[in-house]
Asker: 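Structure incoming, see below.
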Protein chains: 2
Amino acid sequence: MKKVYPAILLFSVLSYFSFAQEKIFADANRMEARIFELAEFGKNPQGGVSRISFSEADLQGRQYIIQLMKQLGLEVRIDAAANIIGRRSGKNNSLPAIAFGSHIDSVPMGGNYDGDVGVIGALECIELLNEYNIVTEHPLEVIVFSDEEGGLTGSKALSGELHTRDLEKISQSGKSVLEGVNFLGGDTKNIESVIRRKGEIAVFLELHIEQGARLYQNKTDIGVVEGIVGIGWWDMTFQGKANHAGTTPMNARQDALLAASKLIVQINEIVRKIEGSQVATVGRVKAEPGAPNVIPGKVVASLEIRDLSNEKIQMVFEKIEEAAKVLEAESGISIAFTEAFLSSSALTDQAIQKVIADNAKKLGLSLQYMPSGAGHDTQDMALVAPSGMIFVPSKDGISHAPDEFTSTLDMANGATVLFQSILALDRAKK
Amino acid sequence: MKKVYPAILLFSVLSYFSFAQEKIFADANRMEARIFELAEFGKNPQGGVSRISFSEADLQGRQYIIQLMKQLGLEVRIDAAANIIGRRSGKNNSLPAIAFGSHIDSVPMGGNYDGDVGVIGALECIELLNEYNIVTEHPLEVIVFSDEEGGLTGSKALSGELHTRDLEKISQSGKSVLEGVNFLGGDTKNIESVIRRKGEIAVFLELHIEQGARLYQNKTDIGVVEGIVGIGWWDMTFQGKANHAGTTPMNARQDALLAASKLIVQINEIVRKIEGSQVATVGRVKAEPGAPNVIPGKVVASLEIRDLSNEKIQMVFEKIEEAAKVLEAESGISIAFTEAFLSSSALTDQAIQKVIADNAKKLGLSLQYMPSGAGHDTQDMALVAPSGMIFVPSKDGISHAPDEFTSTLDMANGATVLFQSILALDRAKK
């Protein structure tokens, strides 16, 4: 019986702390103020920012973040891939770090929330730990990835997925990626040094705005991201026969655009008929010769299919191929598919999904499991560590545009879920 | 009773001549030889010709024709619009002329038959009249129109439909139409002098190759052209909402290309369902922004409708508009039509159609009434005189290309029908 008391005492103390920690919420006003401060760097006259990676505005925005990190007591370094890494010691620094973060670069004429919410949210977590004098077991790392919008440069470097040719590409800034990384304080000569091996990072978490309108339309607070979708992209070529639009009777035509239109309608029907959240898009179409008075002899159109499951992408594609074969036989128009691009999906860790969901529920927030239809740094981090991703609503799903908007409350909810998940994972991973 | 004998005698003599004349046929070999001689001017290495109007080849081809006309005893002049006019006196030169002809200019990389068959066929008629010592009641005019392919310049000048702005246009030759007309021996300062008033020409006839494959596919010898179709051309604008192809669920899309595809399919169905030979074509389509990973927010596509009846064109357009309204309501995509071009149809004279048909039948040729889906000089001549048009088959309907082909027999059949129709109209119009 003697041993019971300390055990009970320990339990009570832990319960007390645990209880107290669950009462900690992100400071919405502080986050909003920082979002606005950051929005000054690369600000568009029409609102939003053009904080293109490797630009002067990007450099200045990063300096603002570095200064904030230092104020928060983080040990800051810029790695060879120009990722900004702010480290906070844990009780046991031999443990792998719990890492979290996002990016602050934007597309040209972008908004104030894509990436930024995740970085400001990560710093808010540090702020809360400082305020409540919490020292985690694990060391923590806040990561601000370089050049997310240009092709996930920083996170690819960390996962070892960055190729030499990626460095040679000319970025939106006009600099090559290599020049850009060095401009931001990286060191491309030693870029291999940043690769993280499995086990070096305990878990990775990213808070981000959704880029569709699922949460916004469903009035849901939190999205538990199941993974980042894979993408298949094909070029479809319809070959008919160009002919005089005045002298060729309707029943003697081999109209490639008519066949393409029929398949575009069928693609939509096929994709919607299958259960799941797969999407397929025909975004580009070109009819040749392209004159109002000539029946199109040739059409080239793009086909993009996305899903969390690579097998599902393949299955949808095969159904479209089957429909094309039937159409080909009916119309006499030949239809060919050429694979243009294929990227595998990246799944988040199911245990981490549960931690995020449980903590959202404890906070009384509504939640929904969902895929990310867009690419994120998490997809590369998932290659080196169990990863999780938290989405918050984006007004009307607008993204990559000046009128991108996430409410202060939604941002704070996301940061609170991130904070609570970090604490839960810190306890669980001991 | 005394008066009966001369009447019977006159009838017998007329019957004898009429019978004899019905036995006169065009000389297929002579026509073919001339087609090949003409084909030397502007000859492409791949076959066919590039005898672009106002080019050196056009000038040389015209000189060849003028020399032929002179050999045949025609009185040749070049009018102020650079039309070549070869006149043959009739018994009564106070009667208005019976005119017939076509053009010898071609599109770039054109063939040896479009226009040429009508000109060589017209000269064949003169050849036959000379051989059989036939003098018609009416004077005859063989007209070789200038710049048919560039916009019916010569025939528009004759009908008074040529506008000052037409002369300013830069032609395929690089010369302005004004420079080109003068280069060919015209006199643009006095171009109004060529206008023919109603009654000045008794009838106008044109022999031409079909430019679709109706006759060829039906194995029909002669097409009796009911008229030249009118053309309505609209731009259709589909306005949806551009959005991320990865993050926007299928049920939250406003895909302008999907709506455009649906309407393109419906246009085809609508036009085919209505009885008649109307045609509708969507030849041009542009999706914006036009990236594989963005849902098209806007599509602009052309709509062209042709028919012999302007009312039918309007009726078809209204049915398409109705379908668009239903689609608009279903899809939430706004659809707008803007009229881009409208040209009225030109009907041929029904009595002349009958003369052509009757003479084709007498010759044992198969025939078919049909519209001309393409524009011809006849459409302008129809404004100043009752007109008729004779089509002969074109292999596979190919036209405006080097492999355009009409058999020697088909050409000769067409010229014989033209010849017999001229004689019949000469008798009828006395």
Side-chain angles (χ1 to χ4, degrees), chain A residues 210-214 217 229 231 233 235 243-253 255 257-258 260-265 267-268 271-272 277-287 289-296 299 301-304 306 340-341 372-375 394 397-400, chain B residues 210-214 217 229 231 233 235 243-253 255 257-258 260-265 267-268 271-272 277-287 289-296 299 301-304 306 340-341 371-375 397-400:
Chain A
E210 66 172 340
Q211 285 172 288
R214 285 179 203 234
Q217 278 171 353
V229 298
I231 303 177
W233 167 19
D235 279 328
N243 225 326
H244 196 295
T247 58
T248 317
M250 297 308 290
N251 62 5
R253 297 177 169 217
D255 185 337
L257 183 55
L258 179 64
S261 298
K262 284 181 179 173
L263 193 61
I264 290 170
V265 173
I267 287 168
N268 191 265
V271 174
R272 296 184 74 153
S277 49
Q278 66 283 342
V279 290
T281 306
V282 178
R284 189 154 75 188
V285 67
K286 187 167 191 268
N293 59 353
V294 184
I295 299 160
V299 168
S302 63
L303 167 64
E304 203 211 61
R306 301 192 188 203
F341 177 76
S372 167
S394 182
I398 295 165
S399 187
H400 284 189
Chain B
E210 67 172 340
Q211 283 172 288
R214 285 181 203 231
Q217 279 173 354
V229 299
I231 303 176
W233 168 17
D235 279 328
N243 225 327
H244 196 295
T247 58
T248 316
M250 296 308 289
N251 61 5
R253 297 178 170 217
D255 184 338
L257 183 56
L258 179 62
S261 298
K262 285 180 179 174
L263 193 60
I264 289 169
V265 174
I267 287 168
N268 191 266
V271 174
R272 298 184 73 154
S277 50
Q278 65 284 341
V279 291
T281 306
V282 178
R284 189 155 74 189
V285 66
K286 187 167 191 267
N293 60 353
V294 183
I295 299 159
V299 168
S302 63
L303 167 65
E304 203 211 60
R306 301 193 188 203
F341 177 76
S372 168
I398 294 165
S399 185
H400 284 190

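Chain naming here is simple, since letters A, B, ... match the order of the sequence lines and numbering starts at 1 in each.
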Asker: Only counting residues at least two apart or in another chain, list the ones meeting side chain to side chain contact (heavy atoms under 4.5 Å, CB included) with A/S277.
Answerer: A/R214, A/P371

Asker: Let's test your reading of the structure: which of A/A280, A/P289, A/G397 forms the most heavy-atom pairs below 4.5 Å with chain B?
Answerer: A/A280

Asker: Do you know which of B/L258, B/V229, B/D255 has the most heavy-atom pairs with chain A at a distance under 4.5 angstrom?
Answerer: B/L258

Asker: Checking B/Q217 against chain A: side chain, backbone, both or neither under 4.5 Å from a heavy atom?
Answerer: side chain

Asker: Is B/V271 close to chain A through its backbone or its side chain, or both, or neither, when contacts mean heavy atoms under 4.5 Å?
Answerer: side chain

Asker: Please report the shortest heavy-atom distance between A/A374 and B/T247, naming the atom on each side.
Answerer: N-CG2, 3.5 Å

Asker: If you take all heavy atoms of A/A245 and B/E304, which pair is closest and at what distance?
Answerer: CB-OE1, 3.7 Å

Asker: Based on non-hydrogen pairs under 4.5 Å, which of B/D235, B/L263, B/I267, B/N268 is most in contact with chain A?
Answerer: B/N268

Asker: Does any heavy atom of chain B fall under 4.5 Å from the side chain of A/N251, the backbone, both, or neither of them?
Answerer: both

Asker: Between B/A287 and A/G283, which heavy-atom pair has the shortest distance, and what is it?
Answerer: CB-O, 4.1 Å

Asker: Select one option (side chain, backbone, both, neither) describing which atoms of B/R306 are under 4.5 Å from chain A's heavy atoms.
Answerer: side chain

Asker: Give me the atom names and distance for the closest heavy-atom approach of B/S261 to A/I264.
Answerer: OG-CG2, 3.4 Å

Asker: Sort A/S302 into side chain, backbone, both or neither according to what part of it lies under 4.5 angstrom from a heavy atom of chain B.
Answerer: side chain

Asker: Could you report the tightest heavy-atom contact between B/V294 and A/T281, atom names first, then the distance?
Answerer: O-CG2, 4.1 Å

Asker: Would you mind telling me which of B/P292, B/A291, B/G212, B/S399 has the largest number of heavy-atom pairs within less than 4.5 Å of chain A?
Answerer: B/P292

Asker: Could you list the residues that satisfy side chain to side chain contact (heavy atoms under 4.5 Å, CB included) with A/T248, not counting sequence neighbours?
Answerer: A/N243, A/H244, A/A252, A/R253, A/I295

